[in-house]
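Heads up: the structure comes next, in structure tokens.
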Amino acid sequence: MSRQNVLITGATRGIGRACVEYFVRSGWEVTGVARSATALAQLREELGGAVQIIQADLTTKAGIAAVPQKYFDAIILNAATFAPGELLRGEDKFEQLWKLNVRSNHRLMRRILPELRKKGRGHLVVIGSLGTDYWPPHLTAYVATKYALRGLFLGWEAELKGSGIRTTLVAPGATLTSSWDNEEPPLEILLPRQVAEFVGMAIEDGREGRLVIEV
Ligand SMILES: NC(=O)c1ccc[n+]([C@@H]2O[C@H](COP(=O)([O-])OP(=O)(O)OC[C@H]3O[C@@H](n4cnc5c(N)ncnc54)[C@H](OP(=O)(O)O)[C@@H]3O)[C@@H](O)[C@H]2O)c1
């Protein structure tokens with residue numbers, strides 16, 4: 001029997017990278033997407049032949065087209081840009097964040113979810129954020145995009161109801177990744193490995209709906 005396969009966006013660092021490691025350990029075939037060819041080559045070198053890599057900037061149409069239009073047993077929509085910024089003052093980062101955190105996911109799901117629909121199975125996992133529950137004031141631009149992603153998730157969930165495809169929104173609290181390189185991380189913080197195990201178990205156990213993970 002062929003191995004199960006998972007598509008993971010933002011596969012080279014942080015939560016995405018930890019998910020790649022988790023699924024390789026669990027015997028899955030993994031297709032990982034990111035922009036840096038060097039980081040992708042290193043990922044493949046470190047984790048071996050079970051990892052397929054796709055170099056793509058998902059904010060572009062060419063980047064979306066680089067992802068094969070085929071069936072995946074699981075899809076983990078993880079890639080996002082985290083940047084502090086307000087909606088009304090300071091540098092306007094909203095559009096930049098929107099392009100990856102929201103629009104790329106919409107475009108990618110228009111491309112791939114029909115493949116899961118044809119088979120009537122598969123599992124879509126969207127990585128959201130606990131930030132959508134409490135709106136940290138200096139992160140409103142980022143949180144607004146994660147809230148929009150939550151809206152997309154609710155749309156996918158509604159449209160896929162009864163299709164056989166499972167849908168899960170995992171909302172992690174602060175997690176120690178490169179996202180915090182320019183910010184003081186909180187003292188209590190999750191590790192990417194903990195989020196990846198949570199995601200992995202959600203897929204293995206077929207858990208659906210919005211699931212929160214925090215310290
Ligand atoms: N860290 C936290 O505290 C936290 C908390 C709650 C939720 N989250 C969510 O968890 C997810 C992962 O966050 P993280 O902190 O692990 O991120 P991260 O460490 O910054 O990693 C981001 C990944 O996305 C890739 N990426 C960035 N821009 C891309 C683009 N345009 N096209 C394709 N790939 C791109 C990066 O590789 P390249 O740069 O090479 O493209 C990298 O592999 C995000 O959805 C984030 O919103 C994070």
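We count residues from 1, following the sequence as given. Numbering of ligands and ligand atoms starts at 1, following listing order. Note that the structure is a prediction, hence the values are computed from the model and not measured.
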Note to self: Checking Ile127 against Leu77 for the side-chain contact (heavy atoms from CB on, under 4.5 Å) test, could you report, in this order, the C-alpha distance in whole Å, the side-chain angles of both residues, the deciding distance, and whether it holds?
What the structure shows: CA-CA 6 Å; Ile127 306 296; Leu77 290 183; over 6 Å; no
Task: Whether Phe23 and Trp28 hold their rings parallel, tilted or perpendicular, with breakpoints at 30° and 60° - done: perpendicular
Closest to atom 6 (C) of ligand 1 among protein heavy atoms sits Pro172 O, 3.2 Å
Ranking Ile127, Asn78, Asp181 by closest non-hydrogen atom to atom 44 (C) of ligand 1, top hit is Asn78
Of Gly131, Ala34, Ser104, the one whose closest heavy atom lies nearest atom 34 (N) of ligand 1 is Ala34
For atom 27 (C) of ligand 1, the closest protein heavy atom turns out to be Arg35 NH2, 3.5 Å
So for Pro192 against ligand 1, with non-hydrogen atoms under 4.0 Å, the contacting part is neither
One finds that the ligand 1 atoms under 4.0 Å from a non-hydrogen atom of Ser36 are 40 (O)
Quick look: Asp57 vs ligand 1, heavy-atom contacts under 4.0 Å, and the answer is both
for atom 5 (C) of ligand 1, nearest protein heavy atom and its distance come out as Gly173 O, 3.4 Å
Under 4.0 Å between heavy atoms, the region of Trp180 that gets near ligand 1 turns out to be side chain
The closest protein heavy-atom partner of atom 43 (O) of ligand 1 is Thr12 OG1, 2.7 Å
